[in-house]
Each structure stands twice: as structure tokens, then as C-alpha cells.
Protein chains: 2
Amino acid sequence: MQRGTFQLMKSVNKSIILNKIRTCEPISRAQIAKETELTPPTVSSIVKELLEQGMVYEQKKATSMGGRRPTMLYINKTAYYLVGVDAGPETMNAIVTDLGGTILGRISYVLNTPITEASFLDVMKQSINEVVRLANVKMEEIMGIGVAMHGVVEVATGKSLYAPNLKLTDIPIKEALEQEFCVTVKVENDARAMALGEAWFGGHGDLGSMVTVNLGRGVGAGIVTDGKLFHGAKDIAGEIGHMTIDINGEICECGNHGCLQTFATGPAIVRRAQRKLAERGAEHSFKLTAESVFELAKAGNTLYVDVLEETGFAIGIGLTNVIHIVNPEKIVLGGGVMKSEEFLLPIIKKTVNNNALTEGAKNTEVKVTKLGKDATVLGAVALLLVEIFDSVLG
Amino acid sequence: MQRGTFQLMKSVNKSIILNKIRTCEPISRAQIAKETELTPPTVSSIVKELLEQGMVYEQKKATSMGGRRPTMLYINKTAYYLVGVDAGPETMNAIVTDLGGTILGRISYVLNTPITEASFLDVMKQSINEVVRLANVKMEEIMGIGVAMHGVVEVATGKSLYAPNLKLTDIPIKEALEQEFCVTVKVENDARAMALGEAWFGGHGDLGSMVTVNLGRGVGAGIVTDGKLFHGAKDIAGEIGHMTIDINGEICECGNHGCLQTFATGPAIVRRAQRKLAERGAEHSFKLTAESVFELAKAGNTLYVDVLEETGFAIGIGLTNVIHIVNPEKIVLGGGVMKSEEFLLPIIKKTVNNNALTEGAKNTEVKVTKLGKDATVLGAVALLLVEIFDSVLG
DNA sequence: GATATTTTTTTGCACTATTCAAATAAAACG
DNA sequence: CGTTTTATTTGAATAGTGCAAAAAAATATC
């Protein structure tokens, strides 16, 4: 239980100040005091500590407003560095960033499946070593490692409970990396990590709550409230891919009927296009992909436009369900499927607007991510940034 | 922004101690210190204050464990009294309770629709005055009023934005009652209030997160995490009644297809039974109600058993969707529909177990409320109890 | 029954970190 | 160049927890 101690008092204020600097940089002590309602001496003493720690640096402002020139404060982004790892089903991506999330180095490995637990962890360790070397950073300057792992993750222990594509269970990622590198290690599900990446780096300001949905080979979502991830009791909050929206619908790989995944993934789009073609007795002479469905729709072929509109409608239904349960301020969509944004987004928005119950729900902002492929691996880094900047514990 | 001040430090500890007494009553200062890891002097000084405020009282224990006899502490449940109001579509129920949630008086009014805003508020004021009188409590001893209002509620302002059955909009409930009675007033949606009532009075211990679903004429849910309600951005979190589970299904009153409400409300059960009867060309000579469907099913009539099993399956699907998004530790079901628990619960549990993805999700506890009709009005009272016992602000 | 032991609670002082008021610093303005 | 304004620091006051020891009140032991 978090008691009311002097440490709590101080760490709350430290957190407030650090975040104020981070979000309003450059900012003076006096401004911080005014805007946070902390007293000037409190701000001064905490800033002094932050300067000593090297987390923050000073710089005089050129002009003033008719008084002593304020000393502007900045986050010392290169005080420490962070490693983010995105361990997908087929590839392992790693980056090194500074505290501002600027990527200083990146590396990518292809995983050969099937793989043993030991060699999976070896690849991970090697990719971390390698990317740190490439970024020209000393291992001692690394403050922590964040891992976005596909499949089911137990956050508290940092274990991958079940990684379907690798056919591995109970991989002790956190334990292995902490032993190897002696730094903080955070492990999170990849969809949730992506959501955190979006919340921190997507340019959304200080949202109360936001849901990020990844529409790729599967569908996953992450719920971020007050800059922090919502996990749920067993770390599966946001698993919307297998949300039933069509109780009598197509059988999903999970065995249930009409999961959102039977509508809104790349393979699902291909399947639906093929089915439509078959219905019309048409043949397709080339191998159909989600990309080609998009291309054909752009070329004006109504069959493919219809497929994408059906997909958009289903996504809209799924999002409306999410809105009615979680009621976020904003929903951000990402993943390969959203490359067809041109066709999908209008109908998604229209569906949400038609189907949502209240004005507040209808007006939920729905956007497409601008972060691209880095969202997940940046999310892995953000797992650490949350600890550093938003911690009320340390 | 909540700063780190001495008040914060103290109120955190006060909250910890007050809650410890509440949940572990009777308990001595020494035990509190041991179990909360607060120091004995801190506990003593805060308890002294609580005694002075009258929130807590002392009593010596008869026996000891080989040392000074501990002074046991109790919450002084009759120090203050609370009013809870359940403003449903047709009736207005009000209760007075002590701080332990013991009901000291109750009253019920039938609302004549249509009704004007002024007379609606008058009935509410009158019911409060009347129930306080009935409970033999002085108005000055009332610490606050909690209102569970059906329809869409704006929590921050305490306004009822939209009350469908009364055909009223923008009723300033909080404002009106605070002006009249000069006490704290909290207004909340009735389904969410019910969820809070269940969390506080349902005997569930200290759950991290819990979802309570009310299956009556409509379907509504409330999400409670760490003893507090989750509202979402626009106060509609938990509106699962219009969750689409059958994209091509029956048209709902909201205009969409296949909402959970088209399966799992009393009227929906009746409709489905009638449809089944019509399919078989059968006639029902009496007016069918949800109760009679249950009775007929109990009597062994397979048609009605089928209807209830379909209903249970749909509820199971809906709950699985909720589990995959919010991932609560426990789901509690209430409302008139659950009178058919005998038929519904087994299939609901089976469906969740079959359809949920992970072990953790499958094992989500699903129970039926034991609180009965008082859940909502007790939830209205709990709105105030949260403030009193869990407040970190005052 | 006197003494030792144990347990509970309080007391007094130390410590931490904020708060308030005032001092200092440094620039702009006239 | 003095006055005003704004920024930051200093030092005493204050609030509240933490620690150690004392006091209180019971039981256990001889």
C-alpha cells in the first residue's frame, strides 16, 4: 500500500515538475511554480536535484519581460538512453533512443521458426547488444529495456505466457534480460505497447483516455488512460480481435463465430474478396493480397470497393462497441489494413456516427496513426518513459 | 493537479487507516500500525483526530495476548447518515442509511409520466424530506445525497442530460438538491451506481476490478476498478446494452442491428418466445411475460427452455466481449432477467469458458448478485461512501 | 504476591520537505 | 542612475512522519 510519506510527497512534486518541463520545454522555474501551483522554493529545490542528477539542463533566455532574465530549463535528453525491442511473430526489431524518443540506432532480425526458447532469448540479447553498438552508446548509459512481445504477456513477471507463431510458452524475458544487462526491463503485449507509443509520440497532447487499434494480421488494441496502460486483471484488456460482432458469422481461427478478426484483418479482406469473386463466378488469375484489393478498389473496381466498405463497416461496429464500453476520448487506428484508409476511414467514421448512442459517443475522434511501423517499438521505449516521467513511486 | 503537500500525505494515511478500521473492525492501533506499515505514533495521532471528529469510537477488549489490553476501534456508523435516491423511469426510491450502509428508512414514489422538470425535482426533494423523517434522523445529521439516475448523466455537473422515459433533458439534479439541502450531492447513471453498490455491499472483498451487468428492460453495466467507478470521457463507459453482437440481427429500438438488448432484456425474451411460437404455428392464449417464459421453462416446455438458452448464449457472448476489452476479475449479473438464473447462468458460464481466449479470461468469475433490488439505491449511497472513505483529497 | 515479561499506546525529539516572507539578483524602463 | 519588475534563493516557520524510549497495563513466573 502506498503510504503518505515524505518520499511520496516529494516524488509527486518531482513528477509534476519533470512532466511540466517535458511538455512545456523550455520553461523557467517561476513559470513552473505559477502553472503547477507549487511554491517557488519547492520548485527550486527539486530542480536543483534534477540538475545534479543530469536529467535537466539550464540555459538563459535571450530576452525578458521587463525583469530578471529567466533561466530556461530543458530535459537533458541525452542523459540516458533506452532500448526498445519489438518481438513480432517473424521479426525482431530493436532501437536505441534518447529520453526524447529520438531514434539513434535500429536493427532488425528475421526469426527462423520453429525456434527454441534459448535461441529466441539469444537473438534478443544479441539484437540489444548490436543496436546499442550501432547507436554509438555505451552500455552503461542504457537506463532500461522495453520489450513489446506478441502474444499473451504476464506484465508483473515479464513473462511471455504464449507466443503462438513461435510455438513457445512461458519465456522469462524480463528475468533473462535483467540478468544479462542489469537494467530495468519492462515487457508488454505488442498491441498495448503500440497504444502507449501512440499516446506518447503520436502528438495527441494530454488525453484522458485513448484507444489505439492495430489492424494487421490480427486485431489488437490498447487502452491508455492518463498516460498509462490499462491491463485488466489478467493482462488481456484490449484483445478486441476476437470480439464477436456476428454471432452467426464466419468461423474464426479461434473457433468462435463472427469475431472482428474475420472482417478486419488483411487475410480476412482477401478471403472476402475471393468469396465475392466466386459468387460472381469470376476467376482471379493472380495471387490476391490485401494490397492488391486496395489497388483494384482504387482503380475503380466496385467489387473490391464493396469488400473494403464491408470491412470499414465491421470495424466501425467494433469501434462503436469499444466506445460504449470504454468511452475513450479518441481512437487511433494503425496497422497494414489502414493503408486502405482512403476507403475505410470515411465508412468507419460514418458507422460510429450512425451507431453510437449519445452525442458524446458519436463525437469520439477517430484517426489514423501517423507513427507508422515504429509505433510498436517506440511503445516499448515508452514503457520506460512512463516509469521515468510519471512515476509516483521513485 | 494533485500536488505533494502535507495535506496529501496526511489524507493518504487517514484514508488508509479509516479503510483499515472499516474493513477489519474491530482493530487496535497496534494492529493497524503493523498491517499498514505506518508507524504507531502516526496511527495514534490520526486515530485521535478521527475520535475527535466522531468518525470512530473505542472499546476495550476483554482479553489480551499476554500484555496490555488493546483498545479496539470501530467506525462510528451513526456519526452521520446518508441519503440514496434511485430515480428510475417509473419510480423514485429513496433510502437513509448510516455509514455502514444499514438502511434506516425507505420510501417509494410512482412517477406520473409525462412530468415536468420542476415537478420531477419536487418529487425528489419531497422523497428525501420524507425518508429522512421516516428514518427518524435530523436533516443536520445527513452528510450527503447520492442519486442514481436512469439515462445519460453528466457526472461532473450532476446533470441528467437525457432521461428517455420521462422525456426530459438537462435536469440540474445536483444543483437543485445542493441548493435545497446544503449537502454534498453526487449524481450517477443507475447502472453504474448499481455496480458501485455491488462492489461495496456485495461481499466481494477487495477486488481490483469488477463489472456488474444489469439485465432488466435494458442492459447496462458498470466498471469498478479499485473501488471506484470508471466513467470514460463522456460518462458512458459500460453502456453495453447496444453492443452489436449480431451485425445482421434483429433491429433494435436504437436503430442498429443485433444489439445485446435484442437478446437479453425481458421484452426481448418475450419477443423471441412469441417468434418461436409463431414459427411452430402455435398460439399462446395468455399474455406472455418474461416471468411466464421462466415458469414454462421450469415446467419442462422445451420451446421456452430453448429461448432462455439462446438468451444465455447471447449474454455469454456479450460478457466475453467485455472480458476481452476490460478484463475484470469478476462479473456480477443482476436485474429481472436473472430471475431465470437456473437456466441462464450455466450456459452463460459455459459460453464464456468456450469463447474466451486465454486461461485467465476463461476463469473470470461470473456470479449473480445477492443484493436484489436495493443494489442501485445502495450504490447511490456508495457514491458518498467512496468520497468519505477513499478520498485522497479531503 | 512481587517481579519479570509482553504488548499497547504515548511522548519527545529528530528529520524531511513544504510554505511563507523576505532578501537577493538581474534585467528593463524612464 | 534610480526605480520597477520579474526571477530565484535564503532562512525561519510549520506540518507531519519516523525513531527510540517511556509509560501503561495486562499476563506469566517464581
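Just so it is clear: chains get the letters A, B, ... in the order the sequence lines come, proteins before strands, and each one is counted from 1.
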Problem set entry | Under 3.5 Å: donor-acceptor pair, side chain of R69(B), backbone of K60(B) |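 No; zero donor-acceptor contacts below 3.5 Å.
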For this session: May I ask you to decide if Y81(A)'s main-chain N or O and E141(A)'s side chain share a donor-acceptor pair within less than 3.5 Å?
Result: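 No, E141(A) side chain to Y81(A) backbone: no donor-acceptor pair under 3.5 Å.
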For this session: Return no unless some side-chain N or O of R69(A) is found under 4.0 Å from OP1 or OP2 of dA27(C).
Result: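 So the side-chain polar atoms of R69(A) do come within 4.0 Å of the phosphate oxygens OP1 or OP2 of dA27(C), strictly under.
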Exercise. Reckon S44(B) has a side-chain N or O less than 4.0 Å from the OP1 or OP2 of dT9(C)?
Worked result: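 Checking dT9(C) against S44(B), no side-chain N or O comes under 4.0 Å of OP1 or OP2.
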Exercise. With nearest nucleotides of DNA chain C determined for K60(A) and M9(A) from heavy-atom distances, which residue corresponds to the more 5′ nucleotide?
Worked result: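 Nearest nucleotide further toward 5': that of M9(A).
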Protein-nucleotides 19-25 of chain C N/O pairs under 3.5 Å:
from, atom 1, to, atom 2, distance (Å)
dT19(C), OP2, T39(A), OG1, 3.4

Exercise. How far apart are the C-alpha atoms of T184(A) and M143(A), what are their side-chain angles, what is the distance that settles it, and do they pass the side chain to side chain contact (heavy atoms under 4.5 Å, CB included) test?
Worked result: CA-CA 7 Å; T184(A) 315; M143(A) 204 186 204; over 6 Å; no
Exercise. Which nucleotide, dT8(D), dT17(D), dA27(C), lies nearest any side-chain atom of S28(A)?
Worked result: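 Out of dT8(D), dT17(D), dA27(C), the nucleotide with an atom closest to S28(A)'s side chain is dT8(D).
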Enumerate the protein-to-nucleotides 1-5 of chain C contacts in which both atoms are nitrogen or oxygen and the separation is below 3.5 Å.
none

What is the separation between atom [atom1] on [X] and atom [atom2] on [N], rounded to the nearest whole Å?
X: K34(B); N: dT6(C); atom1: NZ; atom2: C1'; answer: 11 Å
X: Q59(A); N: dA7(D); atom1: CD; atom2: P; answer: 17 Å
X: K10(B); N: dA17(C); atom1: NZ; atom2: P; answer: 19 Å
X: L8(B); N: dT17(D); atom1: CG; atom2: C1'; answer: 13 Å

Between [X] and [Y], is there a side-chain N and carboxylate O pair less than 4.0 Å apart?
X: E154(B); Y: K174(B); value: no
X: K330(A); Y: E198(A); value: no
X: K77(B); Y: E25(B); value: yes

Exercise. Start at the 5' end of DNA chain D and walk down; is the nucleotide closest to I46(B) or to R29(A) reached first?
Worked result: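 The answer here is R29(A).
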Exercise. How about E175(A): does its CD atom have over 12 heavy atoms from other parts shown lying under 6.0 Å from it?
Worked result: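 Atom CD in E175(A) is not packed in, count stays at 12 or less.
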For this session: Name all pairs fulfilling the ring-ring contact (aromatic ring centres under 6.0 Å, His included) condition that reach into residues 46-71 of chain B, sequence neighbours left out, sorted by first residue then second.
Result: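 Qualifying pairs, neighbours excluded: Y57(B)-Y74(B).
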